[in-house]
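Letters A, B, ... are given to chains in the order of the sequence lines, protein chains preceding strands, and every chain is numbered from 1. Values below: all heavy atoms of this structure, side chains included; hydrogens, waters and symmetry mates excluded. Small disclaimer: the values here were computed from a predicted structure and weren't measured.
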Amino acid sequence: MKLYVKQMIVKALEQARSGGELKFESEPDIVVEKPKGTGQGDFSTTVALTLAKSEKKSPRSVAESILKYLPSSSADIESVEIAGPGFINFKMTPEFFLERLKGVARQGCEFGSVNAGKNEKILLEFVSANPTGPLHIGHGRGAAVGHSLSLLLKRAGFDVETEYYVNDVGNQMNNLGRSAWLRYRELFGEKINFPDDLYRGEYVKGTAQEIIDLKGKEFLGKSEEEVLPFFREFAGDSILNGIREDLAVFGVKFDRWFKEGSLYEDDLVGKSVDWLREKGHVYEKDGAVWLKSSDFNDEKDRVLVKQSGEKTYFCSDIAYHKNKIDRGFSKIIDLWGADHHGYVPRVQAVLEAMGYSKDVFRVLLVQFVALKRGKEKVSMSTRSGEFITLSEVIEEVGVDAARYFFLMRSSDTHLDFDLELAKEEAPENPVFYIQYAHARICSIFRNASDSGMVVPGPEEVDLSVLSEADAFSLIHKMLILPEVVEKSALAFEVHRVPHFLHDLVSEFHSYYAKHRVLSEDRPLSLARLFLLDCVRTTIANGLSIMGVSAPDKM
RNA sequence: GCGCCCAUAGCUCAGCUGGAUAGAGCGACGGUUUGCGGAACCGUAGGUCAGAGGUUCGAGUCCUCUUGGGCGCACCA
């Protein structure tokens, strides 16, 4: 929609230049926006202000030069005028908006899709929590943001795949196996002094019980060495299955679950090290193998292979990221908890050492979630294993509210998640505010069909009876969705979607309160039904990006 | 000590590549319905955009410093 105005300005600028009135060399950035104030038209541009300096003229006189070459009125434009320090304001005709409104109905659930991504292949990795314990609320934020981001990017025309990286090797898995083994013996009555550095959470007892149910006392009396492989794998699989289930309940699915272990099966890890060594980025010191990451903006060098001969987590991560790029993605995006930010330069360094372009890899950091119950902070201590799990939160507040709350804030600020507010079916709860609007519209449709009226199609509806300013304001708002999708996708900022929806819905409720939809005036009723159907579509499409349902009734 | 993130109304937060008078929600106060869902609507109060410099025609937005908070600085994953 703005593009249309922008193109007009571009044309006018070109003409003004060939007419000798302006002398800019390269086309300036043209900002077109919806003015905040009333009486400032439907669109506004600041080009004249931007150009003023290089043209060595006052902004207003630049604006006047541009204005000469703009159509002062047409089928789409009602008027163009200069305002304030040099803004050029456009007022559009009703037909301009009404035609585009019909477009919303024609596009239906496709409305809001754009092709800004041009089918670029993106791999989005998120959650990727170690299978050493159930997902907690922080992972929930990552899951909601990651999944919605994938939906958003798809809507914006990217070819997106999602992936969960399963860290199924290494020390933590050994610790998990050992924890299960100790709990197993404990369940048979042995007195265990449970070490602090192992997993103390209740869930490990559950896993131990599962093993007993399956294998009985088969392992009793054996050495840790003997039983560890079984316990490690069993516990890991059991917990991973739990994670899968939790995510499924949350509506989050992955295209692929990528196991760290598979990198070792194909020796991709060893090959990556060899390859880096050939390039001269690897050296040996103190019996370990190091990467010269300090050559690539990392603060110091990093160990790839420990003295013990074991490879570090970083080492397999190198192979993993190389593998991702080799699979043909032009962009790989990782969503990490903010506590991993120190790890970013390291991965960037190694990818650069490997010769990949800097902007292939992008990390999005998601800040912490503080759980609250009203004013009270709910303490979360991972050490004791006493944290609130994602599934507990979902159980308490529901999928829709949980997802909405995770998505409503910019992910680079801390999030206060208020359990009381999220589960309240009250006006304070923003999820219900939006869903309520959708249900309300559906309810009007039900009433309409009771009196023999159906929402008309875009080809048959007569919208000329829509004249109130509120309707046009509502239409303008709806038509912004494609821009919201494009901009938030390019910025990787999902939170703009719920903010847009909240604004839109607020205008709808206000319209509803002022203008009765169903009345004796049949043509007007039909036109308003059509208008609301488009609002409904817009709400539903927006909610679908968030993975939140759009209910017909509540 | 070094590095990253954050600081906007009483609270929780928006503010898109710098643009017109800084916006919502909640909370507070007051109002609206014998009609389409009152889970709603309308109004009032509430701000030195942490502080100080700087760049600019123009700064909440960009730069520097200070203060305050979060996080990270492993041969853990």
Side-chain angles (χ1 to χ4, degrees), chain A residues 29 31 33 35-37 40 44-46 49-50 52-53 58-59 83-87 89 130 132 167 169-173 175 197 260 285-290 299-300 302-317 337-345 365 367-368 370 372 375 408-410 412-416 418 421 424-433 435-437 439-448 450-451 483-484 486-488 490-491 493 495-496 498-499 502-503 506 508-519 525 528-529 532 553-554:
Chain A
D29 280 345
V31 179
E33 51 188 16
K36 287 175 211 148
Q40 294 170 341
S44 175
T45 179
T46 56
L49 296 160
T50 320
K53 192 170 189 185
S58 79
F87 295 95
N89 295 338
N130 291 353
T132 54
N167 304 123
V169 289
N171 251 326
Q172 300 304 326
M173 293 308 293
N175 288 342
D197 57 344
E260 184 183 0
K285 194 182 88 182
D286 306 332
V289 179
W290 296 71
E299 55 185 1
K300 57 183 173 186
R302 306 291 175 178
V303 172
L304 297 178
V305 184
K306 306 180 215 171
Q307 269 180 346
S308 64
E310 281 175 297
K311 303 202 166 61
T312 59
Y313 172 81
F314 177 52
C315 189
S316 54
D317 219 18
D339 53 337
H340 288 79
H341 72 258
Y343 191 68
V344 180
L365 295 172
Q367 297 288 334
F368 281 3
K372 291 171 106 181
K375 300 249 174 206
M408 68 195 285
R409 301 295 179 223
S410 160
D412 53 31
T413 54
H414 293 242
L415 173 69
D416 280 349
D418 186 343
L421 178 58
E424 220 167 319
E425 299 188 6
E428 302 91 67
N429 191 333
V431 201
F432 288 91
Y433 185 70
Q435 291 185 320
Y436 177 62
R440 205 177 207 186
I441 294 172
C442 292
S443 165
I444 297 172
F445 292 167
R446 286 191 291 270
N447 291 329
D450 286 348
S451 49
E483 287 156 31
V484 171
E486 177 168 343
K487 283 184 178 177
S488 47
L490 294 177
E493 290 183 353
H495 73 276
R496 294 192 205 178
H499 280 279
H502 195 278
D503 282 355
S506 161
F508 157 71
H509 282 308
S510 177
Y511 181 85
Y512 172 91
K514 262 177 153 169
H515 308 282
R516 198 183 153 76
V517 178
L518 303 174
S519 67
S525 302
R528 286 180 174 166
L529 279 173
L532 291 205
K553 52 176 89 159
M554 299 168 68

**Student:** What does A:Ala437 touch in the nucleic acid at a heavy-atom separation under 4.0 angstrom: a base, only the sugar-phosphate, or nothing?
**Tutor:**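 Contact class for A:Ala437: none.
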**Student:** With sugar-phosphate meaning primed atoms plus P, OP1 and OP2, does A:Asp503 contact a base, only sugar-phosphate, or nothing at under 4.0 Å between heavy atoms?
**Tutor:** nothing
**Student:** Please work out the stems of RNA chain B from pairs that are Watson-Crick or G-U wobble with both distances under 3.5 Å, keeping only runs of three or more consecutive pairs.
**Tutor:** B:1-7 with B:67-73, B:10-13 with B:23-26, B:28-32 with B:40-44, B:50-54 with B:62-66
**Student:** If we take the P atom in both B:U67 and B:A52, what is their distance in whole Å?
**Tutor:** 15 Å
**Student:** How would you label the contact of A:Val169 with the nucleic acid (heavy atoms, under 4.0 Å): base, sugar-phosphate, or nothing?
**Tutor:**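 Sugar-phosphate, backbone atoms only, no base.
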**Student:** Mind checking A:Gln367 for me? I need base, sugar-phosphate or nothing, with any heavy atom below 4.0 Å counting as a touch.
**Tutor:** sugar-phosphate
**Student:** Could you tell me the separation between the CE atom of A:Met408 and the P atom of B:C11, rounded to a whole number of Å?
**Tutor:**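 Going from A:Met408 (CE) to B:C11 (P), I get 17 Å.
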**Student:** Give a yes/no on whether any side-chain N or O of A:Thr45 is located under 4.0 angstrom from OP1 or OP2 of B:G19.
**Tutor:**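 No.
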**Student:** Which distance, rounded to the nearest 0.5 Å, do you find between the CG of A:Asn167 and the CG of A:Asp317?
**Tutor:**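 Result: 7.5 Å between the selected atoms.
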**Student:** Considering only B:A77, B:C36, B:C13, which nucleotide approaches the side chain of A:Asn167 most closely?
**Tutor:** B:A77
**Student:** Which part of the nucleic acid, if any, lies within contact of A:Ala52, taking any heavy atom under 4.0 Å across all strands shown: a base, the sugar-phosphate backbone alone, or nothing?
**Tutor:** nothing
**Student:** Between B:C41, B:G72, B:C73, which one does the side chain of A:Asp339 approach most closely?
**Tutor:**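 My answer, after comparing the listed nucleotides, is B:G72.
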**Student:** Can you tell me which nucleotide in B:C73, B:G37, B:C75 comes closest to the side chain of A:Glu299?
**Tutor:**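 Output: B:C73.
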**Student:** Classify the nucleic acid contact of A:His340 as base, sugar-phosphate or nothing, counting any heavy atom under 4.0 Å across all strands shown.
**Tutor:**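 Base, at least one base atom sits under 4.0 Å.
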**Student:** Expressed as a whole number of Å, how far does the P atom of B:C13 sit from that of B:A7?
**Tutor:**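 Per the computed distance, 10 Å lies between those P atoms.
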**Student:** Which part of the nucleic acid, if any, lies within reach of A:Ser510 when heavy atoms closer than 4.0 Å are counted: base, sugar-phosphate only, or nothing?
**Tutor:** sugar-phosphate
**Student:** Where the side chain of A:Lys487 is concerned, which of B:A20, B:C16, B:A77 is the nearest nucleotide?
**Tutor:** B:C16
**Student:** With a 4.0 Å limit, can you tell me whether A:His495 has a side-chain N or O closer than that to the phosphate oxygens OP1/OP2 of B:G15?
**Tutor:** yes
**Student:** To the nearest 0.5 angstrom, please state how far the CG atom of A:Leu421 sits from the CG atom of A:Asp416.
**Tutor:**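 The CG atom of A:Leu421 sits 11.0 Å away from the CG atom of A:Asp416.
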**Student:** If we ignore angles and hydrogens, is there a donor and acceptor under 3.5 Å between the side chains of A:Ser316 and A:Glu260?
**Tutor:** yes
**Student:** With under 30° as parallel and over 60° as perpendicular, where do the rings of A:His499 and A:His495 fit, or are they tilted in between?
**Tutor:**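 Perpendicular: the ring planes of A:His499 and A:His495 meet at over 60°.
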**Student:** So, does the side chain of A:Thr46 form a donor-acceptor pair with the base of B:A20 at under 3.5 Å?
**Tutor:** no
**Student:** By the 4.0 Å heavy-atom rule, please label A:Met554 as base, sugar-phosphate, or nothing.
**Tutor:**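 Answer is base: heavy atoms of A:Met554 come under 4.0 Å of a base.
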**Student:** What do you reckon, do A:Tyr433 and the base of B:A39 stack, with centroid distance below 5.5 Å and planes below 30°?
**Tutor:**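 Given the distance and angle limits, no, they do not stack.
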**Student:** Give the rounded distance in Å between these two atoms: CD of A:Glu33 and C1' of B:A22.
**Tutor:** 14 Å
**Student:** Tell me: OH of A:Tyr343 to C1' of B:C71, nearest whole Å?
**Tutor:** 18 Å
**Student:** Suppose you measure atom C1' in B:G31 against the same atom in B:G38; what distance do you get, rounded to whole Å?
**Tutor:** 14 Å
**Student:** Measuring from atom CG of A:Leu529 to atom CD1 of A:Ile444, what distance do you get when rounded to the nearest 0.5 angstrom?
**Tutor:** 8.0 Å
**Student:** When rounded to the nearest Å, what value does the distance between P atoms of B:U8 and B:C62 take?
**Tutor:** 15 Å
**Student:** A:Pro35 side chain: which of B:A24, B:A20, B:G37 is closest?
**Tutor:**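 Nearest nucleotide to the side chain: B:A20.
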**Student:** Any base atoms under 4.0 Å from A:Lys514, or only sugar-phosphate, or nothing? Heavy atoms, all strands.
**Tutor:**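 Result for A:Lys514 = nothing.
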**Student:** Please work out if A:Ser519 contacts a base, only the sugar-phosphate, or nothing of the nucleic acid, heavy-atom cut-off 4.0 Å.
**Tutor:** nothing
**Student:** Contact class for A:Phe314 (heavy atom, under 4.0 Å): base, sugar-phosphate, or nothing?
**Tutor:**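 Nothing, no nucleic acid heavy atom in range.
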**Student:** Please confirm whether the shortest side-chain N or O distance from A:Lys553 to OP1 or OP2 of B:A39 is below 4.0 Å.
**Tutor:** no
**Student:** Atom NE2 of A:His499 to atom C1' of B:A14: distance rounded to whole Å?
**Tutor:**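 After rounding, the gap between these two atoms is 5 Å.
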**Student:** Can you say whether a donor on the side chain of A:His341 sits under 3.5 Å from an acceptor on the base of B:G3, or the other way round?
**Tutor:** yes
**Student:** For A:Arg409 and B:C26, give me the distance from atom CZ to atom C1', rounded to whole Å.
**Tutor:**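 Interatomic distance, CZ of A:Arg409 to C1' of B:C26: 10 Å.
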**Student:** Which part of the nucleic acid, if any, lies within reach of A:Ser44 when heavy atoms closer than 4.0 Å are counted: base, sugar-phosphate only, or nothing?
**Tutor:**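 Touches a base.
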**Student:** Side chain of A:Lys306 only, please: which of B:C76, B:A40, B:C36 is the nearest?
**Tutor:**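 Of all the options, the side chain of A:Lys306 is nearest to B:C76.
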**Student:** Taking only the side-chain heavy atoms of A:Asn447 (C-beta and beyond), determine which of B:G37, B:G19, B:C75 contains the nearest atom.
**Tutor:** B:G37
**Student:** Taking only the P atom of each, what is the distance from B:G58 to B:U44 in whole angstrom?
**Tutor:** 33 Å
**Student:** Tell me which nucleotide among B:C75, B:U12, B:A24 gets nearest to the side chain of A:His502.
**Tutor:**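 Between B:C75, B:U12, B:A24, the one nearest the side chain of A:His502 would be B:A24.
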**Student:** Parallel, tilted or perpendicular: which fits the ring planes of A:Tyr436 and A:His509, with parallel below 30° and perpendicular above 60°?
**Tutor:** parallel
**Student:** Would one find a side-chain N or O of A:Lys300 under 4.0 angstrom from OP1 or OP2 of B:C2?
**Tutor:**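 So the side chain of A:Lys300 is outside the cut-off, no N or O lying under 4.0 Å from OP1 or OP2 of B:C2.
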**Student:** Write down the distance separating the C1' atoms in B:G18 and B:C11, rounded off to the nearest Å.
**Tutor:** 30 Å
**Student:** If you only use heavy atoms from C-beta on, which nucleotide in B:C6, B:A40, B:A77 is closest to the side chain of A:Thr312?
**Tutor:** B:A77
**Student:** Under 4.0 Å, heavy atoms only, any strand: does A:Glu483 hit a base, just the sugar-phosphate, or nothing?
**Tutor:**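 Contact class for A:Glu483: none.
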**Student:** Counting side-chain heavy atoms from C-beta on, which of B:U56, B:A77, B:C36 comes nearest to A:Tyr512?
**Tutor:** B:C36
**Student:** Any N or O donor-acceptor pair under 3.5 Å from the base of B:A20 to the side chain of A:Asn89?
**Tutor:**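 Pair found.
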**Student:** With rounding to the closest Å, how many angstrom separate the C1' atoms on B:G70 and B:A59?
**Tutor:** 26 Å
**Student:** Could you give the distance separating B:A9 and B:A45 at their C1' atoms, to the nearest angstrom?
**Tutor:**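 To the nearest whole Å, 11 Å.
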**Student:** Of the non-hydrogen atoms in A:Leu532 and A:Phe445, which two are nearest, and what is the gap between them?
**Tutor:** C-CZ, 4.1 Å
